[in-house]
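As structure tokens, the structure follows; a few thoughts come after it.
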Amino acid sequence: MIPSRQSFRPIQRVITLTDLPQEFSFIRRHFSKLAGPAALNLRDDAAVYTPPQGRELVIAADAMVEQVHFLPSDPPGTIGRKLLRCNLSDLAAMGARPEGWLLTIARPPGVTEEWFAAFSDGLLQDQKIFNVALMGGDTTSTRGPLVLSLTIIGSVLPGQAIKRLGARAGDGLWVTGTIGDGALGLRALQGDIPDPSGYLAQRYHLPQPRVGAALYGLASAAMDISDGLLQDAGHLARENHLGVTIEATSVPMSEAAQKCGETWLKTCLTGGDDYEILFSVSPEQEKRLAKNPVVNTTTGPVTVTRIGHFHNTFSGAKIIGKNGEVLNFSSPGWSHF
Ligand SMILES: Nc1ncnc2c1ncn2[C@@H]1O[C@H](COP(=O)(O)OP(=O)(O)O)[C@@H](O)[C@H]1O
Ligand SMILES: Cc1ncc(C[n+]2csc(CCOP(=O)(O)OP(=O)(O)O)c2C)c(N)n1
Ligand SMILES: [Mg+2]
């Protein structure tokens, strides 16, 4: 429809036909340096990507919202890296290799050029570590909080994606790395916990996705822990129509987390922000794993720990304390609603 004359606004400044609209120059300034071959220099309507021959694609998306997933005071460099790492963690849990990613931004007016420069520099650093490149994305404005959404593309050999379905009664429940650091890190940044070394805050800012974890043939089912160990273990049990019992004393905790003391146990077990992998292992595979409880990843070996077992009663997850008592928490983990 042709707009009525009244809807035409007076021109504020002279724009030449060769000027880039601000949105495009913003994309060039901050994101061109991240673009891989599929991105066509971020100048086209879409990316053109040749999937690796003989592999299946594995695709996931996770968004982060200011005040919900990160603090406005968090360093912009680590916000970008955390966004990428949370998505890499989903691929790692599926046993997939990262191939590329797309980025969607809803930008409020107050977020500065310097902020985005640091944000994209952080992403460049992580692109090198995890050997991925940007394929494309979308940029919009918003009057709400800053919203960052990332879509990740990975690949596996056909049939080798590890799913949440596959655990059986009698399988052990295992976890990579340590649990609770990210949730404690947030509380440290909020001033509730001392964190003299900064280790906990650093774990909140920069989770370590277990990319390349050699889980195929070892894990019968897997998922990553984002919402809290207890809640995510419950998802794994329910998905398999099983129950799972976790021993709190077996849950691996960093030295810094242990120093926080027992009053913070609930935060560790239900707080989320772990981005470790939770996986089930059959008794036959456990014999092998128990001898050398280490899994190789693209960023180095990671210790894995048996924290519980699956059983036939369809009952979700339960966690028992050091005297065999069931630990009851007001909530098993994070929920957006
Ligand atoms: N808005 C949505 N539209 C389509 N699928 C969704 C949406 N939100 C979540 N999902 C799907 O639901 C499943 C669980 O999502 P989520 O709890 O976010 O898992 P994760 O912890 O792996 O990110 C995933 O398979 C995800 O792709
Ligand atoms: C400022 C701030 N408050 C609270 C949290 C805790 N938190 C927010 S969302 C979330 C769960 C993970 O996010 P979600 O969007 O559910 O990721 P997904 O499960 O889809 O991977 C947690 C633990 C946080 N990370 N930052
Ligand atoms: Mg998600």
Side-chain angles (χ1 to χ4, degrees), residues 57-76 78-96 98 101-102 104 106 144-154 161-166 175-176 179-193 195 200-211 213 215 219 221-240 257 264 266-279 317 329-337:
L57 294 186
V58 178
I59 301 165
D62 259 326
M64 294 198 342
V65 179
E66 184 174 7
Q67 297 281 19
V68 176
H69 296 84
F70 62 90
L71 299 165
S73 53
D74 286 342
T78 62
I79 291 174
R81 296 174 78 186
K82 182 166 180 174
L83 179 70
L84 181 56
R85 287 167 178 232
C86 294
N87 279 274
L88 287 168
S89 179
D90 278 327
L91 287 190
M94 301 287 292
W101 56 287
L102 295 103
T104 300
L146 175 62
V147 177
L148 307 162
S149 177
L150 198 146
T151 301
I152 196 131
I153 297 174
I162 300 151
K163 309 211 176 84
R164 293 184 183 180
L165 184 65
V175 72
T176 58
I179 296 299
D181 301 323
L184 292 174
L186 172 61
R187 302 301 290 266
L189 288 163
Q190 290 168 330
D192 300 330
I193 298 177
D195 183 22
L200 297 172
Q202 178 259 332
R203 287 274 285 160
Y204 169 75
H205 285 142
L206 270 190
Q208 187 57 247
R210 304 304 177 179
V211 177
L215 294 177
M223 70 180 292
D224 79 324
I225 308 172
S226 52
D227 294 339
L229 171 67
L230 190 55
Q231 180 158 300
D232 286 334
H235 286 320
L236 209 50
R238 262 192 312 279
E239 211 47 58
N240 289 284
W264 292 98
K266 174 186 184 278
T267 302
C268 291
L269 301 176
T270 67
D273 271 309
D274 295 296
Y275 301 101
E276 294 292 351
I277 302 180
L278 191 61
F279 59 105
F329 300 122
S330 48
S331 145
W334 176 268
S335 171
H336 284 290
F337 300 120

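Atoms within each ligand, like the ligands themselves, are counted from 1 in listed order. This structure is a prediction, so every number in the text was calculated from the model and none was measured. What's counted below: heavy atoms across the whole structure, side chains too, no hydrogens, waters or symmetry copies.
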_Proximal ligand 1 atoms for D62, defined as those under 4.0 Å from one of its heavy atoms_ = 23 (O)
*Which atoms of ligand 1 are found less than 4.0 Å from any heavy atom of S226?*
21 (O)
_List the protein residues in contact with ligand 2, where contact means a heavy-atom separation under 4.0 angstrom._
D62, Q67, V68, H69, F70, L71, L186, Y204, S226, D227, G271, G272, D273, Y275, W334, H336
*For atom 17 (O) of ligand 1, the protein heavy atom that lies nearest, with its residue and separation*: D227 OD2, 4.8 Å
*Return the residue, atom name and 0.1 Å-rounded distance of the protein heavy atom closest to atom 19 (O) of ligand 1.*
R164 NH2, 3.8 Å
Would you find a donor on one side and an acceptor on the other, under 3.5 Å apart, between the side chain of [X] and the backbone of [Y]?
| X | Y | value |
| --- | --- | --- |
| D62 | L150 | no |
| E66 | L146 | yes |
| D274 | G182 | no |

*Flag D224 as yes when one of its N or O atoms lies below 3.5 Å from any N or O atom of ligand 1, and as no otherwise.*
no
*Examine D90 against ligand 1 and note whether any of their N/O atoms are separated by less than 3.5 Å.*
yes
Heavy atoms, side chains only, cut-off 4.5 Å: are [X] and [Y] in contact?
| X | Y | value |
| --- | --- | --- |
| V65 | F70 | no |
| L215 | F279 | yes |
| Y204 | L71 | yes |
| I59 | I152 | no |
| P207 | E276 | no |
| M64 | I79 | yes |
| D273 | K82 | yes |
| L91 | V211 | no |

*Tell me, please, which residues at least two apart from R164 pass side chain to side chain donor-acceptor pair (under 3.5 Å).*
none
Are any non-hydrogen protein atoms located under 4.0 Å from [atom]?
| atom | answer |
| --- | --- |
| atom 23 (O) of ligand 1 | yes |
| atom 10 (N) of ligand 1 | no |
| atom 5 (N) of ligand 1 | no |

*Can D90 and R85 be counted as an ion pair, charged N to O under 4.0 angstrom?*
no
*Does H336 have a non-hydrogen atom less than 4.0 Å from ligand 1?*
no
*Protein N/O/S atoms under 2.8 Å of the Mg ion (ligand 3)?*
D62 OD1
_Which residues pass the side chain to side chain contact (heavy atoms under 4.5 Å, CB included) test with D181, not counting sequence neighbours?_
T178, Y199, L200, R203, S254, A257
